[in-house]
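Treat the numbers as computed from the prediction; the structure is a model and nothing was measured.
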Amino acid sequence: IMDIARYLNIPIEVQPIIVEDLVFADEAFITGTFYGIRPIKQIENFPPKSAKGEITQNLIIILEEIINNKNSLSEKWMKKLNITPCRDSL
């Protein structure tokens with residue numbers, strides 16, 4: 001995701017954060033291999049945030065383009081594998 005941010009010329013900082021950093025941020029999201037990028041709507045009992053912000057939306061768009069081989073970053077990140085699934089049940 002940091003590579004995508006750099007690709008979009010979005011400044012990034014890597015540093016420890018506290019809950020208040022997230023609560024008062026204009027946008028916040030979580031990310032992971034399985035679920036991609038998901039905007040955070042609410043943290044603890046603080047008021048909910050609005051829907052996806054522009055930065056989060058742009059990151060999601062580029063990630064989806066990469067996954068679907070519609071972006072030049074796809075070649076760098078994606079490798080096509082020939083996989084034969086196991087037909088035996090466990």
- Query: With a 4.5 Å heavy-atom cut-off, do Ile60 and Thr56 have their side chains touching?
  - Reply: yes

- Message: Could you walk me through whether Ile66 and Ile4 satisfy the side-chain contact (heavy atoms from CB on, under 4.5 Å) test, starting with their C-alpha distance in whole Å, then the side-chain angles of each, then the deciding distance to 0.1 Å, before giving a yes or no?
- Response: CA-CA 10 Å; Ile66 291 168; Ile4 295 173; 4.0 Å; yes

- When you look at CD of Gln15, are more than 12 heavy atoms from neighbouring residues, nucleotides or ligands closer to it than 6.0 Å? yes

- Task: With the side chain counted from C-beta on, respond yes when Ile10 and Leu59 share a heavy-atom pair under 4.5 Å apart, and no when they do not.
- Result: yes

- Query: Does Glu20 CD have over 12 foreign heavy atoms under 6.0 Å away?
  - Reply: yes

- Item | Considering all heavy atoms, the nearest Asn71-Tyr7 contact | ND2-OH, 3.5 Å

- Message: Under the rule for side chain to side chain contact (heavy atoms under 4.5 Å, CB included), what residues qualify as partners of Gln42, not counting sequence neighbours?
- Response: Pro48

- Task: Identify the heavy atoms of Glu54 and Glu27 that sit nearest to each other, and give their distance.
- Result: N-OE2, 3.3 Å

- Quick one: does Arg38's side chain get under 4.5 Å of Thr31's, heavy atoms only? no

- Note on the structure: The remaining residues in the hydrophobic cluster of Ile18, counting side-chain heavy-atom contacts under 4.5 Å among Ile, Leu, Val, Met, Phe, Trp and Tyr, are none

- Query: Are Ile62 and Ile12 co-members of a hydrophobic cluster defined by side-chain heavy atoms under 4.5 Å apart?
  - Reply: no

- Test item: Met2 and Val14 side chains (from C-beta on) under 4.5 Å apart, heavy atoms: yes

- For Leu22, all residues meeting side chain to side chain contact (heavy atoms under 4.5 Å, CB included), sequence neighbours excluded: Ile17, Ala28, Ile43

- Task: Side-chain contact test, heavy atoms from C-beta onward, threshold under 4.5 Å: evaluate it for Asp3 versus Lys76 and give yes or no.
- Result: yes

- Note on the structure: CD1 (Ile37) and CD1 (Ile55) are apart, to the nearest 0.5 Å, by 12.0 Å

- Query: Side-chain heavy atoms under 4.5 angstrom apart, residues restricted to Ile, Leu, Val, Met, Phe, Trp, Tyr: same cluster for Leu73 and Leu8?
  - Reply: yes

